[in-house]
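What follows is one structure encoded as structure tokens, with my remarks underneath.
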There are 2 protein chains.
Amino acid sequence: MKQKIELSSQCKGQIRAIGDTMELLGGKWKIKIIGTLLLNGTMRFMELKRAVDGIAPKKLSKDLQELELNELITRTVKETKPITVEYELTPHGRTLENLINEAMNWGIHHRNHILK
Amino acid sequence: MKQKIELSSQCKGQIRAIGDTMELLGGKWKIKIIGTLLLNGTMRFMELKRAVDGIAPKKLSKDLQELELNELITRTVKETKPITVEYELTPHGRTLENLINEAMNWGIHHRNHILK
DNA sequence: AATAGTGGTTTCCTTTAGGAAACTAGTTTC
DNA sequence: GAAACTAGTTTCCTAAAGGAAACCACTATT
């Protein structure tokens, strides 16, 4: 019984950590944006828009702002003509690599399981 | 340029896989429910409700149904008095362990990063 | 002068997610 | 007979997510 209580309170913290992660990455597009940046490196706004299939510019803009606020990506304006804007993962953003690989692998695994 | 095209089309499939995963687990509660079942094994409805802090019975019921439809958990009614219902991860559900551990670890890592 | 490309913003709308509270129905304990 | 526990369902509501289309300001090309 003592074990059960310890397990339960230890569990709460771990479950909360899952919630933190999902609060940041939950939603239809954010994790796809990060995955795309992981696979392609630095990208401009329109490149991202073309690569992340189906996203509306408004949504892309909003999600990029939120990801920047959370220090997962950087936004740098290049004074070219016309001006271009580059988005890139921060070192902290790159720590999502394992998680995103797992999400990719499991998605493939699940698709195979359902089509069994 | 040829490389860029190949990278891009290969990328699409991987990004789609991420989308599949998030479609199933995105939302506030599903991944927490699975995480709780991973940590505690077989659980009854009320046990889950107490363990997954803050979830409303309606939401718990609905999410459990969806997880069962996707073959991630099983629901078995025990003919005890009063009847009890046991929820348990399927083998397929247990393949989410790596992903969930990554989500946990990254949540903790991110919290530390922000509190730097 | 018109067209296209840059990186977005604005407006309007629909859908979905989620929450609070009350309720159901059967069983068992007090 | 009242209270409490089992496992949910029903109703009503709000907030957030997301999408379509138009628009904006600037620059470069034709």
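Proteins get letters first, then strands, A, B, ... in listed order; numbering begins at 1 in each. Atom set for the values below is all heavy atoms of this structure, side chains included, hydrogens, waters and symmetry mates excluded.
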Atom [atom1] of [X] and atom [atom2] of [N]: how far apart are they, to the nearest Å?
| X | N | atom1 | atom2 | result |
| --- | --- | --- | --- | --- |
| A:Glu23 | D:dA17 | CD | C1' | 15 Å |
| A:Ile83 | D:dT27 | CD1 | C1' | 10 Å |
| B:Glu47 | D:dC5 | CD | C1' | 13 Å |
| B:Met46 | D:dT9 | CE | C1' | 14 Å |
| B:Lys49 | D:dT9 | NZ | P | 14 Å |
| A:Ile33 | C:dG8 | CD1 | P | 12 Å |
| A:Leu24 | D:dA17 | CG | P | 12 Å |
| B:Phe45 | C:dT24 | CZ | C1' | 14 Å |

Pairing of B:Glu66 and B:Lys30 as salt bridge, 4.0 angstrom limit: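 Here B:Glu66 pairs with B:Lys30 in a salt bridge, since their nearest N and O are under 4.0 Å apart.
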
Distance check, rounded to the nearest 0.5 Å: [X] atom [atom1] versus [Y] atom [atom2]?
| X | Y | atom1 | atom2 | answer |
| --- | --- | --- | --- | --- |
| B:Met43 | B:Met46 | CE | CE | 12.0 Å |
| A:Lys116 | A:His113 | NZ | NE2 | 5.0 Å |
| B:Leu72 | A:His110 | CG | NE2 | 6.0 Å |
| B:Asn112 | B:His109 | CG | NE2 | 8.0 Å |

Go through [options] for me and flag the one nearest to the [X] side chain.
| X | options | answer |
| --- | --- | --- |
| A:Arg75 | C:dT6, C:dG8, D:dA7 | C:dG8 |
| A:Arg44 | D:dT6, C:dT28, C:dG7 | C:dG7 |
| B:Lys28 | C:dG7, C:dG19, D:dG8 | C:dG19 |

Taking only N and O in the side chain of A:Arg50, is any of them less than 4.0 Å away from OP1 or OP2 of C:dT6?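 It does, given that an N or O in the side chain of A:Arg50 lies less than 4.0 Å from OP1 or OP2 of C:dT6.
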
More 5' along DNA chain C: A:Glu86 or B:Trp29, using each one's nearest nucleotide?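 Comparing both residues, the 5'-ward one is A:Glu86.
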
Residue among B:Asp63, B:Thr36, B:Leu37 satisfying side chain to side chain contact (heavy atoms under 4.5 Å, CB included) with B:Val52: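 The residue from B:Asp63, B:Thr36, B:Leu37 that satisfies side chain to side chain contact (heavy atoms under 4.5 Å, CB included) with B:Val52 turns out to be B:Thr36.
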
Any residue of residues 53-74 of chain B with a heavy atom less than 4.0 Å from an atom of DNA chain D: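 Here the set is B:Pro57, B:Lys58, B:Ser61, B:Gln65.
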
Below 30° counts as parallel, above 60° as perpendicular, anything between as tilted: where do the rings of A:Trp106 and B:His92 land?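 Judged by the thresholds at 30° and 60°, the geometry between A:Trp106 and B:His92 is parallel.
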
